[in-house]
Amino acid sequence: MNLTTMALAQQPADGVAGWAADLVDTMGGPGAGLAIALENLFPPLPSEVILPLTGFAAGQGVLSLASALFWTTLGSVVGAVALYWIGVLFGRERMHAIWGKLPLVKASDLVRTEEWFSKHGTKAVFLGRMVPIFRSLISVPAGVERMPMPLFIMLTTLGSLIWNSILVMAGYWLGDQWDVVETYVGVLSKVVLVMVVVAIVAYVAVRVRSRGQAQHRRAS
């Protein structure tokens, strides 16, 4: 029984597991790296499936543990750098132009966000690599704000190595129960998503209320 068959036996309804297992079966470490690079570019591809599965493959001798960690980390960096350059090409001027057309926001909000990133960007990029959803998204503002590329790569490599090592090792040690990791990380992803939605709703509510109060003062 090859890795693909075993993976599908664990998650019969999840095509991502079979797809990732095919890549690792066919290409070994580079296949795992390719899967993670694509996961960075397309966040709906779950790292909580790909990384533990890669660890499981290492435990089965499909590839070495060192190869699993090296290639998945390299894939994370490649994907992050691609998103960084999207941010660079998008640019601050275009960001300000689009921001100015959005309802319920002010130019000063974006300026404060830029100032915050300028002050805390290194921590955001490093720690963001270990937070579901934001793992990919944090690369774009880093590009928009033109964080020095060597610094960006160093922070991305360190943060990715920590996150990848945790999930790869979990899959390595759990063996054929590697898919348990997805359950717990999936819960964390949902919590983060809910927090983001709540923050957005609260922000919009405050803006609507403040705008209504301002209109009321002008009318009186």
Shortest non-hydrogen separation from [X] to [Y] and the atoms involved:
{"X": "Met149", "Y": "Val81", "answer": "CE-CG1, 4.3 Å"}
{"X": "Leu63", "Y": "Gly28", "answer": "CD1-C, 4.2 Å"}
{"X": "Thr122", "Y": "Met147", "answer": "N-CE, 3.9 Å"}
{"X": "Ala68", "Y": "Thr54", "answer": "CB-CG2, 3.6 Å"}
{"X": "Leu41", "Y": "Gly79", "answer": "CD2-O, 3.8 Å"}

Ser160: side chain to side chain donor-acceptor pair (under 3.5 Å) partners, not counting sequence neighbours: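 Ser160 satisfies side chain to side chain donor-acceptor pair (under 3.5 Å) with Arg129 once adjacent residues are dropped.
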Partners meeting side chain to side chain donor-acceptor pair (under 3.5 Å) with Ser139 (sequence neighbours left out):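 In terms of side chain to side chain donor-acceptor pair (under 3.5 Å), with neighbours along the sequence ignored, Ser139 is linked to no residue.
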Residues Leu65, Val168; criterion side chain to side chain contact (heavy atoms under 4.5 Å, CB included); working and verdict: CA-CA 8 Å; Leu65 189 57; Val168 168; 3.9 Å; yes
ILVMFWY network linking Leu161 to Leu155, side-chain heavy atoms under 4.5 angstrom: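 No; Leu155 is not reachable from Leu161 via cluster members.
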Member of Ile50, Ile36, Leu34 meeting the side chain to side chain contact (heavy atoms under 4.5 Å, CB included) criterion with Thr72: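 The residue from Ile50, Ile36, Leu34 that satisfies side chain to side chain contact (heavy atoms under 4.5 Å, CB included) with Thr72 turns out to be Ile36.
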Met154 and its side chain to side chain contact (heavy atoms under 4.5 Å, CB included) partner, picked from Thr157, Thr156, Leu151: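 Running side chain to side chain contact (heavy atoms under 4.5 Å, CB included) over Thr157, Thr156, Leu151 with Met154 returns exactly one hit, Leu151.
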CH2 on Trp163 to CG on Leu167, rounded to 0.5 Å: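 Rounded to the nearest 0.5 Å, the CG-CH2 separation comes out at 5.0 Å.
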Listed partners of Pro150 passing side-chain contact (heavy atoms from CB on, under 4.5 Å), at least two apart: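 With neighbours one apart ignored, the set is Pro148.
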Qualifying residues under side-chain contact (heavy atoms from CB on, under 4.5 Å), relative to Ile162, sequence neighbours excluded: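 Testing Ile162 for side-chain contact (heavy atoms from CB on, under 4.5 Å), a comparison that skips the adjacent residues, returns Phe126, Met130, Ile166.
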Apart from Phe70 itself, residues in the same hydrophobic cluster as defined by side-chain heavy atoms under 4.5 Å: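 Members alongside Phe70: Trp71, Leu74, Val78.
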Sequence-distant partners of Phe152, ring pair (Phe, Tyr, Trp, His ring centres under 6.0 Å), two or more places apart: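 With neighbours one apart ignored, the set is Tyr84.
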Derivation and outcome, side chain to side chain contact (heavy atoms under 4.5 Å, CB included), residues Ser76 and Asn40: CA-CA 6 Å; Ser76 295; Asn40 276 262; 4.1 Å; yes
Worked check of side chain to side chain contact (heavy atoms under 4.5 Å, CB included) between Val62 and Val24: CA-CA 8 Å; Val62 176; Val24 176; 3.9 Å; yes
